[in-house]
Amino acid sequence: MQADIEMVKALLDGGRKVVVLTGAGVSAESGVPTFRGNDGLWKSHRPEDLARPDAFAMNPELVWEFYNWRRELIGKCEPNPAHQALAEMERHIPNFLLITQNVDGLHAQAGSRKLIEMHGSLWQVRCTSCSHSREDRAELPAMPECPDCGHLLRPGVVWFGEPLIPGVLKVAIAQISSAEVFISVGTSNMVQPAASFYQLAKDHGAVTVEVNLEPTSNTGFMDFALHGKAGDILPELVTGLSK
Ligand code: APR
């Protein structure tokens with residue numbers, strides 16, 4: 001693997017345009033539960049069964065209990081060396097973009113600024129009725145109400161079956177289509193459209209790299225597959241990058 005790491009480092013050092021996609025695995029070492037690992041269950045519910053509009057419509061109290069639990073848990077988590085390495089990568093590579101599927105806010109906390117949070121943020125809440133939307137890291141009531149109209153608030157995240165935030169997908173596609181290096185980190189590649197981003201990058205001539213604890217369904221299609229902890233591999237990739 002060391003030879004592959006050196007080759008990827010050489011690519012990163014060549015002034016090329018780099019787009020990185022991250023998933024839950026990048027935050028695993030911060031203590032944030034991944035979605036599909038063994039630690040993913042909450043009170044015997046699968047997150048996929050709660051993070052959906054029909055679950056919220058049927059039982060908003062349960063869905064809010066889940067999100068308030070996640071907010072409390074993740075509020076105590078700190079960025080790890082993988083987040084820090086990506087913030088560092090941005091400082092070395094002028095043409096850089098980080099696209100994350102994570103809603104935990106840890107990339108921004110680590111200092112990433114060229115960042116798209118394509119599934120929204122746990123720290124954003126919005127009204128189910130009016131246009132009220134705000135960032136709020138404070139503890140919320142069990143059923144938080146909109147201060148403007150009194151209707152129920154909802155987490156500002158994109159749920160299964162919901163479209164992405166307007167414009168986000170277009171920007172992601174445009175950026176990935178012009179990337180010269182595409183790196184996917186800590187994602188099981190089970191959820192679209194992110195799972196197909198590598199294909200888009202590849203179709204436009206990018207070198208594709210996977211950094212993940214274990215092989216995924218995309219591994220065989222990547223030019224480089226670096227398997228291990230993101231918190232070990234990413235710092236190695238940025239060590240010695242020139243300004
Ligand atoms: N370093 C690198 N990879 C890791 C680490 C680690 N320390 N720990 C776990 N992983 C890998 C796992 O092996 C797995 O392949 O991270 C991946 C996490 O996969 P998922 O839990 O499926 O998360 P993700 O791909 O981000 O899910 C996508 O689905 O549930 C929705 O909206 C939610 O954003 C989420 C999306």
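Order of appearance sets the numbers: ligands from 1, and atoms from 1 within every ligand.
- Heavy-atom contacts of G186 reach the following atoms of ligand 1: 3 (N), 16 (O), 17 (C), 18 (C) (cutoff under 4.0 Å).
- Of the candidates N212, V157, V32, L21, the one placing a heavy atom closest to atom 15 (O) of ligand 1 is N212.
- Side-chain contact of Q2 with E6: a donor-acceptor pair under 3.5 Å is present, judged by distance alone.
- Remark: D104 does not engage R70 in a salt bridge, criterion side-chain N to carboxylate O under 4.0 Å.
- Residue contacts with ligand 1: A24 is placed with a nitrogen or oxygen under 3.5 Å of a nitrogen or oxygen of the ligand (distance criterion only).
- Residue contacts with ligand 1 for T187 involve both N, CA, C or O and side-chain atoms from C-beta outward (heavy atoms, distance under 4.0 Å).
- Annotation: cation-pi geometry satisfied between R137 and W123 (NZ/CZ under 6.0 angstrom from ring centroid, within 45° of ring axis).
- Side-chain N or O atoms of N80 include one that pairs as donor or acceptor with a backbone N or O of V26 at under 3.5 Å.
- Which parts of ligand 1 touch G228 is read off a 4.0 Å heavy-atom cut-off, strictly below it: atoms 1 (N), 2 (C).
- Geometrically, R154 engages W159 in a cation-pi contact defined by less than 6.0 Å to the ring centre and at most 45° from the axis.
- When non-hydrogen atoms are compared, ligand 1 lies under 4.0 Å from the side chain of A28 (C-beta onward) but not from its backbone.
- Among E214, Q101, E29, the residue whose heavy atom sits closest to atom 28 (C) of ligand 1 is Q101.
- At a cut-off of 3.5 Å, with distance as the only test, a side-chain donor of Q199 or D203 sits close to an acceptor on the other residue.
- At under 3.5 Å, a nitrogen or oxygen of L213, whether backbone or side chain, sits near a nitrogen or oxygen of ligand 1.
- Between E90 atom CD and N95 atom CG the span is 11.5 Å, to the nearest 0.5 Å.
- Considering backbone and side-chain N/O of S188, one or more are found under 3.5 Å from N/O of ligand 1.
- A 4.5 Å side-chain heavy-atom check between V157 and H119 finds every atom pair outside the cut-off.
- Using a 4.0 Å heavy-atom cutoff, A82 is absent from the residues neighbouring ligand 1.
- Ligand 1 has no nitrogen or oxygen under 3.5 angstrom from a nitrogen or oxygen of F160.
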